[in-house]
Each structure stands twice: as C-alpha cells, then as structure tokens.
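Okay, structure first, notes after.
Position 1 is the first residue of the sequence; numbering continues from there. The figures that follow rest on heavy atoms only: side chains count, while hydrogens, waters and symmetry mates do not.
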Amino acid sequence: MSLTTTQTRQLSFIDIQDKAKIRYIQILNRLNEPKTAKELAVELFKLGYIPSTERNYTAPRLTELEKMGYVKVLDKKKCNYTGKMVAVYQRTQKGFEVININHIPQI
C-alpha cells in the first residue's frame, strides 16, 4: 500500500468524523420533542443540512447517539411518510446537557 493512499484514506476518515459530529449536533438540537428518523431527515432537508429527505442521513447517527446515551427510543408508531412501524426517539438528559455545553455550538 502506498503512502499516498494511506494519507488520503486518513483524510477521508477525519472528514467523515467531523461530518458525523455536526450531524449529531443537528439531530440533538431538533429533538426538542420525540421524532422518528424520517421526521428528522425531513426537518434537516428543509433547513438545507442534507441533500434529501432520506432517513439514512439520520438513522445511523441516531443509533450511535443511542449507544452514547444521548437519545433513547421512546416508543414506536406508524410513519406518516412510509406507513411502516418505526422507532420514535427522544433526547435524554445527557443529550440535552451535551448540546448546552459551551464548547459545542448550537446549529
């Protein structure tokens, strides 16, 4: 493996990590009330943060935020967009606190 490809892979990895952190903040800021991954995706799209309303922009981040303890699954409901049963997420106290810490800007 060449040094160039190793370096470019590392730069891509760092770029993805930064984008994930931004998405975490965007999601946590929008969870002022319980929402589904699709509802969050629609909101973020309307705000111009993501290029489409596809839930895959938010669902993986919600799973990661849940593992970190910043959100939790509150319930399930029938999605207004797809008609499927989906999880409803709620921000935890820990999630509320992390978006209000001075070093993490509100987006």
As a quick check of understanding, evaluate side-chain contact (heavy atoms from CB on, under 4.5 Å) for Tyr70 and Val98, giving each step before the final call. CA-CA 8 Å; Tyr70 295 138; Val98 78; 3.9 Å; yes
Please assess Lys94 against Glu97 for the test salt bridge (charged side-chain N to carboxylate O under 4.0 Å, His left out), listing each intermediate value before the final yes or no. CA-CA 5 Å; Lys94 184 177 174 183; Glu97 291 168 1; over 6 Å; no
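A distance of 5.0 Å separates CZ of Arg30 from CG of Leu47, quoted to the nearest 0.5 Å. Between Phe96 atom CZ and Asn32 atom CG the span is 10.5 Å, to the nearest 0.5 Å. The distance from the CG atom of Asn56 to the NZ atom of Lys38 is 9.5 Å, given to the nearest 0.5 Å. The OG1 atom of Thr63 sits 4.5 Å away from the OH atom of Tyr89 when rounded to the nearest 0.5 Å. The structure places OG1 of Thr58 at 5.5 Å from CD1 of Ile27, a figure rounded to the nearest 0.5 Å. In this structure, Leu40 CG and Tyr49 OH are separated by 13.0 Å, a value rounded to the nearest 0.5 Å.
With a 4.5 Å cut-off on side-chain heavy atoms, Val42 and Arg55 do not count as touching. When side chains are defined from C-beta on, Gln26 does not count as touching Arg61, because their heavy atoms never get closer than 4.5 Å. Using a 4.5 Å heavy-atom cutoff, the side chains of Asn80 and Lys77 are in contact. Within the 4.5 Å cutoff, the side chain of Met68 has heavy atoms near those of the Leu65 side chain. Considering only heavy atoms from C-beta on, Tyr81 comes within 4.5 Å of Glu39 through its side chain.
Two different hydrophobic clusters hold Tyr57 and Val86 under the rule that ILVMFWY side chains link at heavy-atom gaps under 4.5 Å. No continuous path of ILVMFWY side-chain contacts below 4.5 Å connects Ile99 to Leu74, so the two sit in separate hydrophobic clusters. Val88 is not connected to Leu62 by any chain of hydrophobic side-chain contacts under 4.5 Å among Ile, Leu, Val, Met, Phe, Trp and Tyr, and they are in different clusters.
The two residues Val73 and Ala87 make their nearest non-hydrogen contact at CG1-CB, 4.0 Å. Taking both residues in full, the closest heavy atoms of Leu28 and Arg91 are given as O-NH1, 2.8 Å, listed atom of the first, atom of the second, then distance.
Under the 3.5 Å distance criterion, the side-chain polar atoms of Thr92 are left unmatched by any main-chain donor or acceptor of Lys72.
With salt bridges taken as basic N to acidic carboxylate O contacts below 4.0 Å, none links Glu64 and Lys67.
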